[in-house]
Amino acid sequence: RKEAVECKVSCRLQEMRLEAFNLEETACFVKPRRSDVKNEEIAASFARTDGNARALAYLLDWKSDWDKIQQSNEKILLEDIIKRRIHQAITVAQDKGTLSESELLLQCLSVLPPPIPVHELTLLTGVSVSVLETFAAEMGYLLDRLPQGIMFRDEDGLHYVQQKYPRTEKVIDQLVSCLEKIQDESVYAARVLPDFLLRAKRGERLFNLAKKGTLPHQLSSRTGQDSIRLLRLNAALKFAVWDGNVDQLVQLLVVRSRFA
């Protein structure tokens with residue numbers, strides 16, 4: 001995400017480590033989010049999370065977990081919270097008969113550029129909007145719901161899913177096929193597919209896309225259509241250079257010259 005932001009801004013980004021809260025900082029964090037919180041609950045949450053800000057945020061978001069905060073002295077690890085919430089979401093999906101679609105949904109969220117529009121997620125995975133809403137609700141604080149779509153809120157949830165559902169060749173091919181299938185009705189798919197093919201080193205599919213790919217029917221203006229064509233051509237040109245494919249490079253440069 002940092003790389004994606006850096007290419008769009010002129011300033012230099014500096015990473016800052018989020019240190020653990022002390023007891024006073026924990027109280028300042030918890031009280032605005034729990035108006036009826038007791039001092040004993042604050043002390044217990046600090047002791048069990050070691051002041052980990054994200055662990056506290058997850059606990060505060062899930063009332064059932066927060067209500068049990070004083071029932072044990074066992075440490076609460078961030079990864080355990082993430083694992084439990086994702087497992088709960090998967091269990092709900094399995095009860096609804098959409099287990100494989102929900103696993104594909106997690107792979108989409110962890111692999112494709114964020115945020116992903118809700119409509120595109122339903123097209124890519126076959127999950128209905130109602131099931132998607134239920135799944136997102138079970139994931140809770142792990143996901144951000146933005147006007148532009150859905151994405152993981154922070155790196156912890158994203159990294160866990162990337163480890164649990166690794167980016168295998170099979171997954172990449174499945175996502176490529178899904179994106180290709182919906183690109184004539186999804187501007188998002190049409191925009192992300194070229195770079196996705198480039199990163200996945202799917203040269204032949206990228207060359208075919210640059211020369212014959214269909215355009216989203218929503219793009220009626222020449223400017224919008226040309227922007228998609230240029231994305232495809234530029235990605236294909238990069239791959240041709242990387243691959244040393246002179247024949248494709250010459251053909252693509254001829255087509256690219258029309259947009260100069």
Side-chain angles (χ1 to χ4, degrees), residues 1 4 82-154 156-202 204-206 208-209 212-219 224 228 231-232 235:
R1 297 184 184 183
I82 294 172
K83 181 179 179 179
R84 188 165 69 253
R85 298 310 304 183
I86 292 178
H87 176 73
Q88 176 64 24
I90 291 292
T91 300
V92 170
Q94 189 171 13
D95 292 341
K96 293 179 177 293
T98 58
L99 176 60
S100 61
E101 292 88 346
S102 296
E103 291 177 350
L104 178 59
L105 172 61
L106 285 172
Q107 288 165 340
C108 286
L109 289 169
S110 66
V111 173
L112 297 178
I116 307 176
V118 172
H119 177 65
E120 273 69 7
L121 277 173
T122 62
L123 292 176
L124 287 166
T125 63
V127 174
S128 67
V129 174
S130 61
V131 172
L132 178 58
E133 294 289 351
T134 301
F135 188 86
E138 290 296 332
M139 293 283 281
Y141 190 83
L142 288 172
L143 298 181
D144 250 342
R145 293 295 306 273
L146 306 173
Q148 298 84 359
I150 299 177
M151 62 184 291
F152 278 100
R153 178 165 297 193
D154 55 47
D156 297 294
L158 175 62
H159 288 164
Y160 178 83
V161 171
Q162 288 174 338
Q163 293 173 357
K164 179 72 173 177
Y165 303 98
R167 179 175 169 164
T168 63
E169 293 296 309
K170 181 180 178 181
V171 170
I172 291 173
D173 285 334
Q174 185 177 14
L175 291 178
V176 166
S177 297
C178 290
L179 288 169
E180 288 178 334
K181 189 182 299 183
I182 69 170
Q183 65 174 329
D184 60 341
E185 56 180 312
S186 167
V187 176
Y188 172 84
R191 288 192 177 280
V192 304
L193 182 57
D195 188 63
F196 191 72
L197 288 172
L198 175 62
R199 293 175 182 272
K201 295 182 171 59
R202 299 299 193 269
E204 288 303 316
R205 299 175 90 153
L206 186 52
N208 290 332
L209 178 67
K212 305 174 184 177
T214 59
L215 295 168
H217 57 75
Q218 302 100 310
L219 293 178
I228 299 296
L231 284 174
R232 294 169 175 174

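Side-chain atoms of D144 do not come within 3.5 Å of backbone N or O of L146 as any donor-acceptor pair. The main-chain N or O of Q183 is never found under 3.5 Å from a side-chain atom of S186 such that the two would form a donor-acceptor pair. Side-chain N or O atoms of Q218 include one that pairs as donor or acceptor with a backbone N or O of E185 at under 3.5 Å. No donor-acceptor pair closer than 3.5 Å links the side chain of R191 to the backbone N or O of I228. R232 places a side-chain N or O within 3.5 Å of a backbone atom of G213 that can act as its donor or acceptor partner.
Between K201 and E169 there is no salt bridge, since no side-chain nitrogen of the basic residue lies less than 4.0 Å from a carboxylate oxygen of the acidic one.
Annotation: the span from L219 atom CG to D184 atom CG amounts to 11.5 Å, rounded to 0.5 Å. The distance from the OH atom of Y165 to the CG atom of L109 is 12.0 Å, given to the nearest 0.5 Å. Distance check: T125 OG1 to F135 CZ gives 9.5 Å after rounding to the nearest 0.5 Å. Taking CD1 from I82 and CE from M139, the interatomic distance works out to 9.0 Å, rounded to the nearest 0.5 Å. Considering CZ of F196 and CG of L179, their distance stands at 6.5 Å, rounded to 0.5 Å. To the nearest 0.5 angstrom, I116 atom CD1 is 9.5 Å from M151 atom CE.
When all heavy atoms are compared, the tightest approach of A200 to R202 is O-NH1, 2.6 Å. When all heavy atoms are compared, the tightest approach of P194 to A190 is CD-O, 3.2 Å. Here the shortest heavy-atom pairing between T122 and S128 reads CG2-C, 4.3 Å. V192 and P113 make their closest contact through CG1-CG, 3.9 Å (heavy atoms, listed as atom of the first residue, atom of the second, distance). Across every non-hydrogen atom of G157 and L142, the tightest pair is CA-CD2, 4.2 Å.
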Go through it in stages, so that I can follow the logic: the residues are D195 and L231, the test is side-chain contact (heavy atoms from CB on, under 4.5 Å), and I'd like the CA-CA distance, side-chain angles, deciding distance and then a yes or no. CA-CA 8 Å; D195 188 63; L231 284 174; over 6 Å; no
Steps toward side-chain contact (heavy atoms from CB on, under 4.5 Å) verdict (V92, Q88): CA-CA 6 Å; V92 170; Q88 176 64 24; 3.7 Å; yes
Would L175 and L104 count as a side-chain contact (heavy atoms from CB on, under 4.5 Å) here? Give the steps. CA-CA 9 Å; L175 291 178; L104 178 59; 3.8 Å; yes
As a quick check of understanding, evaluate side-chain contact (heavy atoms from CB on, under 4.5 Å) for V118 and I150, giving each step before the final call. CA-CA 7 Å; V118 172; I150 299 177; 4.0 Å; yes
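Side-chain contact check for S177 versus R205: some heavy-atom pair is nearer than 4.5 Å. Put simply, the side chain of H87 does not reach to within 4.5 Å of the side chain of R84, judged on heavy atoms. Contact check for V127 versus L121: no side-chain heavy atoms found under the 4.5 Å cut-off. Proximity of Y188 to L112: side-chain heavy atoms (C-beta onward) are separated by under 4.5 Å at one or more points.
The 12-atom threshold is exceeded at CZ of R167, counting heavy atoms of other residues, nucleotides or ligands nearer than 6.0 Å.
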